[in-house]
Structures are given as C-alpha cells and as structure tokens.
*Asks:* 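I have a structure I would like to understand better, so I am pasting it below and will then ask my questions one at a time.
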Protein chains: 2
Amino acid sequence: MRYPAAETAEKHIRILEAAGSAYREKGFSGVSVSEIMKATGLTHGPFYNHFNSKEALIAEALQHISDGTVNLTDGFEASEQGKADFVRAYLSEEHCNGSGNGCLMASLGPEIAREPTYKPTFTRHVTGIISRMVERFPWSSKARARKEALRTLAAMVGAIVLARAVDDDELANEILDGVAEGLAKSDRP
Amino acid sequence: MRYPAAETAEKHIRILEAAGSAYREKGFSGVSVSEIMKATGLTHGPFYNHFNSKEALIAEALQHISDGTVNLTDGFEASEQGKADFVRAYLSEEHCNGSGNGCLMASLGPEIAREPTYKPTFTRHVTGIISRMVERFPWSSKARARKEALRTLAAMVGAIVLARAVDDDELANEILDGVAEGLAKSDRP
DNA sequence: TGTACATCAGTGAACGCGCGTTCACTGATGTAC
DNA sequence: TGTACATCAGTGAACGCGCGTTCACTGATGTAC
C-alpha cells in the first residue's frame with residue numbers, strides 16, 4: 001500500500017543507520033540486506049525502492065557514518081586537556097567494546113582498502129578528521145601540526161584494531177592505556 | 001588415485017600458504033575454498049582430506065602466517081638504526097601495496113575481532129611481536145620498553161590500515177612517512 | 001624379487017542453503033474533477 | 001466537500017547463483033606374502 005510521503009525519507013535514514021551499525025559491527029559480508037531491513041522493521045522487498053544494490057547502500061551508509069563522526073573533535077576543548085580527553089574517549093573501553101557506533105577507520109579500514117568503490121569516501125573522512133584535529137588542538141608548531149595529528153590518528157586507530165582483536169582484557173587495556181598515555185602528552189615534548 | 005606420502009604434507013602447506021595470502025589480500029569472506037584449492041593446483045574435493053571445515057583452515061592458516069611473520073624483527077640490527085629500518089620496512093610502499101605476504105594485524109585485525117575463534121592465535125601473535133621488539137631494539141629504559149614497543153606497534157598498524165584504505169597516493173605516503181619519521185627517533189627523546 | 005590387494009588423495013557431479021535481486025500483487029494516500 | 005482513480009512503498013513468494021560440504025568413484029602407491 002501507499003505510505004505517507006514523510007515516512008519514506010525517514011525510513012531511508014533508518015535503513016542507513018541500521019546498515020552503518022551492522023557493517024561496523026559485523027563487516028560488509030557479515031550482514032545481509034534482509035537483516036538490515038528487518039532491523040528497520042520492514043521486509044527485504046522494499047529495499048530496492050530505496051537503493052539500487054547492496055553496494056549502493058554500503059556507499060551511502062559509509063558517507064552517512066562519516067557525516068556523523070567526522071566532527072567528533074568538536075565536542076572537546078581546544079586545549080591540551082581537550083586533546084587528551086579526545087584521545088581518552090577514543091581509546092576507552094566503551095569504544096573498544098562497541099564498534100557499532102564507533103570509528104569507521106578501525107572497524108572497516110581493511111575491508112574498504114579492498115574495495116576501490118568505497119575509498120574516495122574513506123579518504124575524505126580521513127582528511128576531514130585530520131584537518132579538524134589540526135585546527136582544534138594545540139600542536140608543537142603550526143608547521144608540525146598536520147604531521148603530529150596524523151601520527152596521533154594512526155596510533156589511535158592501530159590501538160583500537162589491536163585491542164579489539166586480542167583475547168586478553170589485560171593486554172587490551174595495556175594497549176589502550178599505553179597509547180593514550182603516550183598521546184596525551186604533547187607529541188614531542 | 002593414491003599419491004606419494006611426501007606430497008600430501010607438502011600440499012597441506014601449499015594450501016595453507018595460498019590461503020594465508022588470499023585471506024590477507026581479500027579477507028575471509030572474499031575467498032572461497034575452491035579458489036584456494038585452485039591456487040594450489042587442485043580441485044575443491046580433496047580439501048576435506050586436509051581440513052575439517054573452512055573455519056579450521058582459517059585457524060590453521062592464521063597460525064601459519066603468525067609462525068612466518070612473528071619473528072620479522074630478527075632480520076634487523078639490535079640498534080636504534082635497526083629499529084628505524086624495521087619501522088621503515090613495515091611502513092614501506094611495498095608492504096602498503098602488497099598485503100598478501102604482509103602484516104596479519106593490519107590486514108585481518110578487524111575481521112579477527114569479530115570471530116572469537118581466531119582471537120587466541122592473534123593474541124599470541126601480538127604478544128610475540130611485542131616481546132621480540134622489546135628484546136631486540138633499544139628503548140629509553142627497561143621499565144618503559146614494553147610500553148614504548150606497543151605504542152610503536154599501534155602506530156605502525158594504524159598507519160598501514162589508513163594508508164591502504166585511502167585513495168590518494170600522496171596522502172598515503174604522507175601517513176607512512178610521517179609515522180615512520182616519528183617512530184625512527186626514540187619514542188620519547 | 002614379483003604378484004595381489006588394500007589404501008586413500010585425488011576427481012567432479014551433486015546437495016542444501018542463504019544470499020542479492022526480481023516481481024505480481026496490495027491497498028492507504030494523494031490528486032483530479 | 002465528496003467521489004473516482006492513479007500512485008507507489010509496502011508484502012512475500014520466487015529466481016539464479018555461488019558457496020561450503022558430501023560422496024561414489026578412480027587408480028597409482030605402498031604393503032603383505
């Protein structure tokens with residue numbers, strides 16, 4: 001049957017958000033179209049009223065994730081303390097244990113690396129994050145800011161990737177805390 | 001038909017190596033059992049003479065990859081220069097572009113994080129790498145060695161994950177070089 | 001050393017299953033008059 | 001404002017496909033005598 005026009009746009013977003021969470025939690029091939037539609041409260045049929053293919057959904061979902069997370073630095077003070085808080089929040093147990101609404105790069109980086117289609121969105125996401133880090137937080141000099149920011153980002157992403165894949169909570173926390181501690185101080189004191 | 005006994009063990013290893021490369025390049029779900037057997041020069045049938053399931057193959061292949069890569073530090077001098085060379089080799093364009101015989105953590109970390117079965121092997125791999133880095137390379141003090149080593153490892157893994165998923169060679173090299181340069185100097189000078 | 005036979009890694013057709021995708025159909029909404 | 005009809009997001013059965021897995025069969029190897 002026909003549905004109110006307003007609902008359609010809202011459902012489109014609900015699909016994107018269910019997809020974004022599921023993909024970050026289970027990977028692209030770990031989630032079926034039906035599963036996503038079910039999470040949205042629909043059957044799988046109308047999926048193709050919203051998207052041309054699963055690939056198109058992934059592309060749009062990645063952009064949606066990026067839009068929602070690229071400016072996470074904004075919630076933190078523009079100070080050394082703010083930078084430390086940002087790093088700590090990223091390297092928290094909550095973020096480590098809950099990938100569903102967490103970092104795109106740490107959850108899907110390697111899978112995106114294998115799919116040229118998704119790389120442009122990812123690239124814009126990375127450059128977006130880096131430039132926001134550069135602008136918001138203090139760095140040892142303007143000339144070094146970008147280099148220090150991307151070093152910080154690489155360490156953050158690597159720490160989450162390692163901590164999540166490790167079976168040993170103590171080791172996971174050692175990695176998270178060790179890296180956070182190293183980054184909370186300025187990059188090169 | 002029956003085959004010489006020596007060939008069987010050798011084929012088992014050939015399967016493991018084909019699988020190890022394919023999984024690092026394409027991910028667990030990006031490679032079929034048939035594809036791996038074809039790469040070994042066989043049909044898919046005898047797969048179950050060697051392994052109980054695809055899952056069992058993955059588990060064994062991960063261990064095989066770890067065995068072959070956990071001691072990569074051994075090829076480098078036990079000096080500041082050796083550490084810099086190790087980091088540079090890891091963050092080289094060759095490693096970035098060729099995941100097939102590269103780092104397990106950067107290629108499969110997030111996928112392993114989703115599969116509890118594979119985490120113990122991964123955990124041993126990580127602890128193995130860290131302790132070899134600690135033992136071989138100079139660190140600012142014995143007490144800080146382990147913390148500095150895992151910070152170095154996290155930055156290395158994160159840099160490769162980001163550089164590989166990015167569409168822009170210039171940005172990829174900026175990440176690889178920027179992180180390598182940061183790690184080549186001692187961790188906290 | 002020669003012969004007869006059991007072994008078992010190989011072949012390739014076949015299986016069920018879940019996936020992405022398609023489609024005939026439904027019926028409340030929105031629109032034309 | 002009321003009625004008649006076109007619209008189109010929904011339903012759910014059905015499709016082909018590739019996957020992991022199974023199995024009856026093959027035939028050179030290794031072994032017993």
Side-chain angles (χ1 to χ4, degrees), chain A residues 1-62 108 111-112 114-118, chain B residues 1-62 108 111-112 114-118:
Chain A
M1 67 182 186
R2 193 166 176 175
Y3 281 69
E7 280 183 29
T8 301
E10 187 230 330
K11 274 169 192 165
H12 190 88
I13 292 177
R14 289 224 316 268
I15 296 172
L16 284 181
E17 303 206 317
S21 286
Y23 288 143
R24 276 177 284 180
E25 269 170 28
K26 307 179 185 176
F28 295 141
S29 54
V31 191
S32 68
V33 166
S34 305
E35 203 174 331
I36 291 165
M37 294 303 281
K38 200 171 285 173
T40 316
L42 299 170
T43 54
H44 63 278
F47 175 78
Y48 293 90
N49 295 336
H50 289 278
F51 304 95
N52 286 326
S53 63
K54 181 180 180 180
E55 200 179 299
L57 165 65
I58 294 177
E60 217 171 301
L62 289 180
L108 294 169
E111 281 167 82
I112 289 168
R114 295 174 196 125
E115 270 300 332
T117 316
Y118 310 138
Chain B
M1 68 180 185
R2 192 165 176 175
Y3 282 69
E7 281 182 27
T8 301
E10 187 230 332
K11 274 168 191 164
H12 190 89
I13 292 176
R14 290 224 316 270
I15 296 172
L16 283 181
E17 303 206 317
S21 286
Y23 288 142
R24 276 177 285 180
E25 269 170 28
K26 306 180 186 177
F28 296 141
S29 53
V31 192
S32 68
V33 165
S34 306
E35 202 175 331
I36 292 166
M37 294 304 280
K38 200 171 285 173
T40 316
L42 299 170
T43 54
H44 62 278
F47 175 78
Y48 293 89
N49 295 335
H50 288 278
F51 304 94
N52 286 326
S53 63
K54 181 180 180 178
E55 199 180 299
L57 165 65
I58 294 177
E60 216 170 302
L62 289 180
L108 295 168
E111 282 167 80
I112 290 168
R114 295 175 196 124
E115 270 300 333
T117 318
Y118 311 138

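A note on names: the letters A, B, ... follow the listed sequences, proteins ahead of strands, and every chain is numbered from 1.
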*Asks:* Rounded to whole angstroms, how far apart are CZ on Phe47(B) and C1' on dG12(C)?
*Replies:* 17 Å

*Asks:* Send over the distance from His12(A) NE2 to dG10(D) P, rounded to a whole Å.
*Replies:* 12 Å

*Asks:* Whole angstrom is fine here: how far is it from CD in Glu55(A) over to P in dC19(C)?
*Replies:* 18 Å

*Asks:* Select one nucleotide: of dG10(D), dT21(D), dA9(C), the one nearest the side-chain heavy atoms of Lys11(A).
*Replies:* dG10(D)

*Asks:* Between the side chain of Glu111(A) and the main-chain N/O of Gly27(A), is any donor-acceptor distance below 3.5 Å?
*Replies:* no

*Asks:* Starting at CD1 of Ile15(A) and ending at P of dG20(C), how long is that distance when rounded to a whole Å?
*Replies:* 14 Å

*Asks:* Look at all strands and tell whether Tyr48(B) reaches a base, only sugar-phosphate, or nothing, counting heavy atoms closer than 4.0 Å.
*Replies:* base

*Asks:* Where each residue is assigned the nucleotide of DNA chain D containing its nearest heavy atom, which of Tyr3(B) and Lys54(B) is assigned the position nearer the 5′ end?
*Replies:* Lys54(B)

*Asks:* Go ahead and name the base partner of dT21(C); Watson-Crick or wobble counts if both distances stay under 3.5 Å, otherwise write none.
*Replies:* dA14(D)

*Asks:* Nearest to the side chain of Thr43(B), which nucleotide is it out of dA9(D), dT11(C), dG20(C)?
*Replies:* dT11(C)

*Asks:* Start at the 5' end of DNA chain D and walk down; is the nucleotide closest to Glu35(B) or to Leu42(A) reached first?
*Replies:* Leu42(A)

*Asks:* Counting only Watson-Crick or G-U wobble pairs whose two distances fall under 3.5 Å, which nucleotide matches dT3(D)?
*Replies:* dA32(C)

*Asks:* Is any side-chain heavy atom of Thr117(A) closer than 4.5 Å to a side-chain heavy atom of Ile58(A)?
*Replies:* no

*Asks:* Under 4.0 Å, heavy atoms only, any strand: does His50(B) hit a base, just the sugar-phosphate, or nothing?
*Replies:* sugar-phosphate

*Asks:* Is there a side-chain contact (heavy atoms from CB on, under 4.5 Å) between Arg24(A) and Leu108(A)? Walk through the geometry before answering.
*Replies:* CA-CA 6 Å; Arg24(A) 276 177 284 180; Leu108(A) 294 169; 4.1 Å; yes

*Asks:* Roughly, in whole Å, what's the span from CZ in Phe51(B) to C1' in dG10(C)?
*Replies:* 16 Å

*Asks:* For Met37(A) and dG10(D), what is the distance between atoms CE and P respectively, to the nearest whole Å?
*Replies:* 7 Å

*Asks:* Give none if dG27(D) has no partner; otherwise give the nucleotide forming a Watson-Crick or G-U wobble pair with it, both distances under 3.5 Å.
*Replies:* dC8(C)

*Asks:* Closer to the 5' end of DNA chain C via nearest nucleotide, is it Pro46(A) or Ser34(A)?
*Replies:* Ser34(A)

*Asks:* Mind checking Pro4(A) for me? I need base, sugar-phosphate or nothing, with any heavy atom below 4.0 Å counting as a touch.
*Replies:* sugar-phosphate

*Asks:* Rounded off to whole Å, could you give me the CD-to-C1' distance for the Glu7(B) and dT29(D) pair?
*Replies:* 10 Å

*Asks:* Taking all non-hydrogen atoms of both residues, which atom of His50(B) and which atom of Thr8(B) are closest, and how far apart?
*Replies:* CE1-O, 3.5 Å

*Asks:* Over how many whole Å does the gap from Arg14(A) atom CZ to dA9(D) atom P extend?
*Replies:* 15 Å

*Asks:* Ignoring hydrogens and geometry beyond distance, is the side chain of His44(A) in donor-acceptor contact with the base of dA13(D) at under 3.5 Å?
*Replies:* yes

*Asks:* What are the two closest non-hydrogen atoms of Lys54(A) and Phe28(A), and how far apart are they?
*Replies:* NZ-O, 3.0 Å

